[in-house]
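Below you will find the structure I want to go over with you.
Numbered from 1 within each chain, the chains take letters A, B, ... in sequence-line order.
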Amino acid sequence: MIKITFPDGAVREYQEGITSMEVAKSISEGLAKRIIAASVNGEVWDASRPIYNDSTLKLLSWNDAEGKSTFWHSTAHLMAEAVESLFPGVKFWVGPPVENGFYYDMDLGGRHISEEDLRKLEVKMAELAKQNNVYTRKEISKADAVKYFTEKGDEYKLDLLQGLKDGEITFYTQGNFTDLCRGPHIPNTGFIKAVKLTNIAGAYWKGDEKNKQLTRLYGVSFPSQKELDEYLALLEEAKKRDHRKLGKELGIFTMDDDVGPGLPLWMPNGTIIIEELERLAKETEQAAGYHRVVTPHIAKESMYITSGHLPYYQDSMYPPIELEGVKYYLKAMNCPHHHKIYAAEPRSYRDLPLRLAEYGTCYRYEQSGELFGLMRVRCLHMNDAHIYCNKEQFASEFKAVNEMYIKYFKIFGIDKYVMRLSLHEPSKLGQKYINEPELWLETEQMVRRVLKETGTPFVEVPDEGAFYGPKIDVQIWSTIGREFTLATNQVDFAQGRRFKLEFTNKENHPETPLIIHRAPLGTHERFIGFLLEHYAGKFPTWLAPLQVKILPISDKFLPYAQTLLESLKKADIRVAVDDRNEKIGKKIRDTETAKVPYMLVVGEKEVNENKVAVRRQGKGDLGTKDVEEFINEIKKEIKNRES
RNA sequence: GCCGUUGUAGCUCAGUGGUAGAGCACUUCCUUGGUAAGGAAGAGGUCGUGAGUUCAAUUCUCAUCAACGGCUCCA
């Protein structure tokens, strides 16, 4: 007999070799029907795999994250089976579960797959699923595994096998499809009741663009049609929040073929948001001891040679403009310009920390396939600043920058983000990263310490550093699930020396300052793109392009509306009158969909009493108020940047 | 940059080898209406761009540009 410990601490005895499925059945048949895998001693196993030792056991259903990934992983195998049956001779690479579904990479041998084929595959998958084929696990020797895939002619699987040790190789078979796979899998294909193949994409083999591009099929599956329908409805909802759609609807920005890809034009409404953000940044930075500077949009090639950017980033810069034999580049970053301001005067330790801030305009020639609405553009306005300090000041300066993030995030109610400590990859020193192995380790340790001291939760990610040092990135996700760095806080131990920046220390010796690059509000483009989705277009009053709309019941009350308009304008409130010949219901509807925070309905009653009937977007009628009272309240709301 | 898909009115989308249609938005008129769509009329498109096939192309083919979904990249 063996002892099985359950998550609630209960311990039960079972026959040696019992499977998780049998354990589930011993509890209840209903439970057993929902079990698709099991976590045995923290490792996810097939529900049909026998347990021989005392173990902790967590039965996994669709509702567990591990259950879902197992379910999707198994669906990937099912899809592969369907592909093989419809398109014989296809070679497979890997087919893992992902956040929302699964994919499988395959070499179609020059064949093309169309949307129509996806529908055919779905039908085939449904047919195969109904056969309730069992996913069978089989341990196999490396020699036999190699033999199997050699006969099948699948060089990709053979490549995978190369990295595996004999004795740890398993095959899984369901129906007519056998795959090299460590598992685990759901009990049988019958659990898969609804499948949607979502898209066809190219994906480089092993993620390397020098390698051959395989075809990747994405899909998602569910234990019931209802759940698939709900998922699709959720996707539809997410699309409504898409900043590209909202940005157009709300007149925030536009793109034009003649201007060029990735070069957004900010419309009046978007410009108001930009100005409010800059106002916030200026107030905050002034209070934190920053000095504002302004620098040109271009610079000579020599400066980027000095900075060291050219070898690393030339590909991402617009090609140079050549004048009288001198090459000029559009700036892709503000740091070198700021360094030159630092270098313009002799600096003493008494001047440090020196903090130079600029909402700098940068141009980056992003790859055409990477452009994405406002989130990834070729012209960007960065909430940039560079802090020059000595080693003793570094920790407190770095900490202050992190605190500034948090302060901003509170204002915007941003709580879904991940702080990422981005480190270097030692094997890429001298290529992607400046070749200073010791300085890398030292500064990385310094940053890690600050994060720990401040109790900031973070994840460490190798190979994401800047070429000149480690950084803290704030990662966010767009409404359609793409990940972006919203804000960044970087250490730079390289450029100070490259630019021969110095200060005279207390001992009267020249010393090179450390540099912190920081952009807590990221760029206007990405930040506003993010805010559009974050607020679903319903900006808080302080950011809303139009804050108040006056809605007269009929044009008899237009004169009163005009008087109101003037009073509100005098109070610096962004306001307009709906003077269209429409009924009040229509005016309200249009203003609601335009997401204007406040509506002031005025008719006979309000005119007689010098009042306004206040309606809040999304909340409805708030009742009537004195004009003065309303103005004071909204002014307070705006001043406090209430969300 | 690579793989795949798409491109028709301001927006959302039908449609056709014989130079185009709906709803919303817009303009005008009627209506002066109290908290999410009042009625009528009208205007608006070289069907992304270029070339080819054809008597004839928005429709078929090719190229190109752009957007979208991924991959790679992301200071």
Problem - Separation between the C1' atoms of G34(B) and C26(B), rounded to whole Å - result: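 Rounded to whole Å, the distance is 27 Å.
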Handout entry: Distance, C1' atom - from A56(B) to A40(B), rounded to whole angstrom
Key =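 The same atom, C1', in both gives a distance of 40 Å.
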Exercise for the section: Establish, with yes or no, whether the OP1 or OP2 oxygen of C3(B) is under 4.0 angstrom from a side-chain nitrogen or oxygen of Thr215(A). Expected result: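 No, outside the criterion.
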Exercise for the section: Quick one: label Ala203(A) by what it contacts on the DNA or RNA (base, sugar-phosphate, nothing), any heavy atom closer than 4.0 Å. Expected result: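 Here Ala203(A) touches the backbone only, sparing every base.
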Handout entry: Over-ring placement of Arg616(A) relative to Tyr598(A), 6.0 Å and 45° cut-offs
Key =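 That pair qualifies as a cation-pi contact.
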Practice task
Using the P atom on both, measure A66(B) against U61(B) and round to a whole Å.
Solution key: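 The same atom, P, in both gives a distance of 22 Å.
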Exercise for the section: Considering only atom P, compute the distance from G50(B) to G69(B) and round it to an integer number of Å. Expected result: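 The answer is 28 Å between these two P atoms.
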Practice task
Scan Gly207(A) against the nucleic acid and name what it touches under 4.0 Å (heavy atoms): base, sugar-phosphate only, or nothing.
Solution key: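 Result for Gly207(A) = sugar-phosphate.
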Problem - Qualifying residue for side chain to side chain donor-acceptor pair (under 3.5 Å) with His339(A), from His386(A), Gln495(A), Arg498(A) - result: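 Exactly one pass, corresponding to Gln495(A).
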Exercise for the section: Compare all side-chain heavy atoms of Ile472(A) with those of Ser422(A) and state whether any distance is below 4.5 angstrom. Expected result: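 With C-beta onward as the side chain, the pair stays apart.
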Exercise for the section: Can you tell me, in whole Å, how much space there is between the C1' of G33(B) and that of G48(B)? Expected result: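 Nearest-Å result for G33(B) against G48(B) at atom C1': 44 Å.
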Problem - Residue met sooner reading RNA chain B from 5', once Tyr365(A) and Glu483(A) are mapped to nucleotides - result: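 Residue closer to the 5' terminus by nearest nucleotide: Tyr365(A).
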Handout entry: base_contact_polar (C74(B) base, Glu366(A) side chain, donor-acceptor, <3.5 Å)
Key =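 Flag unset: no donor-acceptor pair detected.
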Practice task
Please say which of Lys428(A), Arg420(A), Lys432(A) ends up in a salt bridge (Lys or Arg N to Asp or Glu O under 4.0 Å) with Glu464(A).
Solution key: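 Result for salt bridge (Lys or Arg N to Asp or Glu O under 4.0 Å) with Glu464(A): Arg420(A).
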Practice task
When you get a sec, tell me which of G69(B), G34(B), C71(B) is the closest nucleotide to the side chain of Ala201(A)?
Solution key: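 From the listed options, G69(B) comes nearest.
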Practice task
With the side chain of Lys432(A) defined as its heavy atoms from C-beta on, choose the nearest nucleotide among C71(B), U32(B), C74(B).
Solution key: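 Side chain of Lys432(A) sits closest to C74(B).
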Practice task
Report which part of the nucleic acid Gly373(A) touches: base, sugar-phosphate, or nothing (heavy-atom distance under 4.0 Å, all strands).
Solution key: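 Contact class for Gly373(A): sugar-phosphate only.
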Practice task
Pull out every residue in residues 238-257 of chain A that has a heavy atom closer than 4.0 Å to any atom of RNA chain B, ordered by number, or say none.
Solution key: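 Output list: Arg244(A), Lys248(A), Asp257(A).
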Exercise for the section: Just call it for Phe467(A): base, sugar-phosphate, or nothing, with non-hydrogen atoms closer than 4.0 Å on any strand. Expected result: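 No contact.
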Handout entry: Phe92(A) backbone acceptor or donor facing Asp154(A) side chain under 3.5 Å
Key =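 Judged by distance alone, yes, a pair lies under 3.5 Å.
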Problem - Student check: side-chain heavy atoms of Glu301(A) and Tyr329(A) closer than 4.5 Å - result: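 Sidechains of Tyr329(A) and Glu301(A): in contact.
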Taking only N/O atoms, report every protein-nucleotides 35-45 of chain B pair under 3.5 Å with atom names and distance.
residue: U35(B); atom: O2'; partner: Arg615(A); partner atom: NH1; Å: 3.1
residue: U35(B); atom: O2; partner: Arg615(A); partner atom: NH1; Å: 3.1
residue: A36(B); atom: N7; partner: Arg615(A); partner atom: NH2; Å: 3.1
residue: A36(B); atom: N6; partner: Glu592(A); partner atom: OE1; Å: 3.0
residue: A37(B); atom: N7; partner: Arg589(A); partner atom: NE; Å: 3.4
residue: A37(B); atom: N7; partner: Arg589(A); partner atom: NH1; Å: 3.2
residue: A37(B); atom: N6; partner: Arg589(A); partner atom: NH2; Å: 2.5
residue: A37(B); atom: N1; partner: Arg589(A); partner atom: NH2; Å: 3.3

Practice task
Assess the side chains of Asn489(A) and Asn402(A): does a donor N or O sit below 3.5 Å from an acceptor N or O?
Solution key: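 A donor-acceptor contact under 3.5 Å links the two side chains.
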Practice task
Locate the shortest heavy-atom distance separating Tyr304(A) from Ala332(A); write the atom from each residue and the value.
Solution key: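 Shortest heavy-atom contact: OH-N, 4.4 Å.
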Practice task
When you get a sec, tell me which of G1(B), G69(B), U32(B) is the closest nucleotide to the side chain of Asn199(A)?
Solution key: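 Looking only at side-chain atoms, Asn199(A) lies closest to G69(B).
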Problem - Sidechain-backbone polar pair: Asp473(A) side chain, Gln475(A) backbone, donor-acceptor under 3.5 Å - result: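 Side chain of Asp473(A) to backbone of Gln475(A), a donor-acceptor pair under 3.5 Å: no, none is there.
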Handout entry: Check: G70(B) base within 3.5 Å donor-acceptor of Tyr204(A) side chain
Key =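 Check fails, no donor-acceptor contact within cut-off.
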Exercise for the section: May I ask you to verify whether the side chain of Arg376(A) and the base of C73(B) hold a donor-acceptor pair under 3.5 Å? Expected result: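 Donor-acceptor pair under 3.5 Å: yes.
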Handout entry: Ser554(A) vs Met382(A), nearer the 5' end of RNA chain B by closest nucleotide
Key =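 First, find each residue's nearest nucleotide; the 5'-ward one identifies Ser554(A).
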Handout entry: Closest heavy-atom pair and its distance - Leu250(A), Ala594(A)
Key =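 For Leu250(A) and Ala594(A), the tightest heavy-atom pair comes out as CD2-O, 3.8 Å.
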Practice task
Give Lys331(A) one of three labels, base, sugar-phosphate or nothing, depending on what nucleic acid heavy atoms sit under 4.0 Å from its own.
Solution key: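 Answer is nothing: Lys331(A) stays at 4.0 Å or more from every strand.
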Handout entry: Test side chain to side chain donor-acceptor pair (under 3.5 Å) applied to Asn383(A) and Glu285(A), Glu358(A), His524(A), the passing residue
Key =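 It is Glu285(A), the one option of Glu285(A), Glu358(A), His524(A) that forms the side chain to side chain donor-acceptor pair (under 3.5 Å) with Asn383(A).
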Practice task
Using a heavy-atom cut-off of under 4.0 Å over every strand shown, decide if Phe372(A) touches base, sugar-phosphate, or nothing.
Solution key: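 Sugar-phosphate: the residue Phe372(A), judged by heavy atoms under 4.0 Å, touches backbone atoms but no base.
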Practice task
Output yes when at least one side-chain N/O atom of Tyr313(A) is less than 4.0 Å from OP1 or OP2 of C74(B), else no.
Solution key: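 Answer is no, no contact under 4.0 Å.
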Handout entry: Integer angstrom distance from the C1' of A57(B) to that of G52(B)
Key =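 Per the computed distance, 11 Å lies between those C1' atoms.
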Practice task
With heavy atoms under 4.0 Å as the rule, sort Tyr103(A) into base, sugar-phosphate or nothing.
Solution key: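 Counting heavy atoms under 4.0 Å across all strands, no contact is made by Tyr103(A).
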